[in-house]
Amino acid sequence: MKKQIRLEDGQTLLETLLALSAAVFILSAITVVVISSLSNTTFTKNQNLANQYAQEGMEVIRQIKGSSLATFSGLVSNNCLPQSKILVASLDCIADGVVGIFRRAIDIEHDSSTDCEDESVPPSHGSKVTATVLWSDGKCPVGNRYCHKVELISCLYNLNLIPIP
């Protein structure tokens with residue numbers, strides 16, 4: 001009877017080790033799922049913010065065009081936007097340095113005949129405006145700080161210059 005007890009003791013130890021191994025495996029799997037979920041949530045949040053910043057930049061350009069065509073026509077492609085109440089302060093001008101993880105650039109191509117095609121508007125009356133927001137996170141490779149991008153493209157037309165037949 002003593003031999004049988006010793007075999008049961010060894011079997012209990014083996015069962016305990018197997019149960020502990022299974023618990024460690026399950027906890028590891030849960031940890032990986034939670035970390036992956038948090039990473040995806042952060043990426044989606046940053047992507048939504050980048051989209052919002054690009055939309056804000058585009059809205060500033062539309063406001064400038066609506067208030068003063070001469071000012072709009074004088075704008076060139078650069079990384080700075082005029083001060084505006086709707087702009088996020090850290091993104092107003094990236095030429096002065098980068099604040100945070102986001103970078104915004106507004107590119108304007110006046111008289112864009114190739115990208116702003118509307119048969120009812122002469123090519124010389126269209127301006128292609130591209131709002132680009134780049135951002136970085138821990139997944140960006142070395143040497144490429146801003147590996148994520150949101151880009152909005154809009155064609156703005158000066159319909160006041162089109163003669164009425």
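The heavy-atom pair separating Tyr146 from Arg103 by the smallest distance is CE1-CD, 3.4 Å. Of all heavy-atom pairs spanning Asn46 and Phe102, the tightest one is O-CE2, 3.5 Å. Closest non-hydrogen pair, Val133 versus Ala54, comes out as CG2-N, 3.5 Å.
Within the structure, the ring pair (Phe, Tyr, Trp, His ring centres under 6.0 Å) test picks out no pair touching residues 12-36 (sequence neighbours left out).
Asp137 pairs by the side chain to side chain donor-acceptor pair (under 3.5 Å) definition with His148, not counting sequence neighbours. Residues meeting the side chain to side chain donor-acceptor pair (under 3.5 Å) test with Thr130, sequence neighbours left out: none. Checked against side chain to side chain donor-acceptor pair (under 3.5 Å), Lys139 has the following partners two or more places apart in sequence or in another chain: Ser39. Looking at residues two or more places apart in sequence or on another chain, you find no side chain to side chain donor-acceptor pair (under 3.5 Å) involving Gln47. For Leu20, the side chain to side chain contact (heavy atoms under 4.5 Å, CB included) test picks out no residue, with sequence neighbours left out. For the side chain to side chain contact (heavy atoms under 4.5 Å, CB included) test, residues two or more places apart in sequence or in another chain that qualify with Val34 are Ile30, Leu38.
The main-chain N or O of Val32 is never found under 3.5 Å from a side-chain atom of Ser36 such that the two would form a donor-acceptor pair. Not a single donor-acceptor pair under 3.5 Å links the side chain of Ser37 to the backbone N or O of Val33.
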task = Run the numbers on Asn51 and Leu152 for side-chain contact (heavy atoms from CB on, under 4.5 Å), then give the verdict.
result = CA-CA 8 Å; Asn51 193 34; Leu152 299 179; 3.9 Å; yes
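To the nearest 0.5 Å, atom CE of residue Met58 and atom CD1 of residue Ile106 are 6.0 Å apart. With values rounded to the nearest 0.5 angstrom, Gln55 atom CD is found 7.5 Å from Gln52 atom CD. Annotation: the span from Glu56 atom CD to Gln63 atom CD amounts to 10.5 Å, rounded to 0.5 Å. With values rounded to the nearest 0.5 angstrom, Glu151 atom CD is found 4.0 Å from Thr132 atom OG1. Atom CG of Leu13 is separated from atom CG of Leu18 by 9.5 Å, given to the nearest 0.5 angstrom. Atom CD1 in Ile26 sits 11.5 Å away from atom OG1 in Thr31 (nearest 0.5 Å).
Both Tyr53 and Phe43 belong to a common hydrophobic cluster when Ile, Leu, Val, Met, Phe, Trp and Tyr are linked at side-chain heavy-atom distances under 4.5 angstrom.
For the pair Ser154 and Leu156, the minimum side-chain heavy-atom distance is below 4.5 Å.
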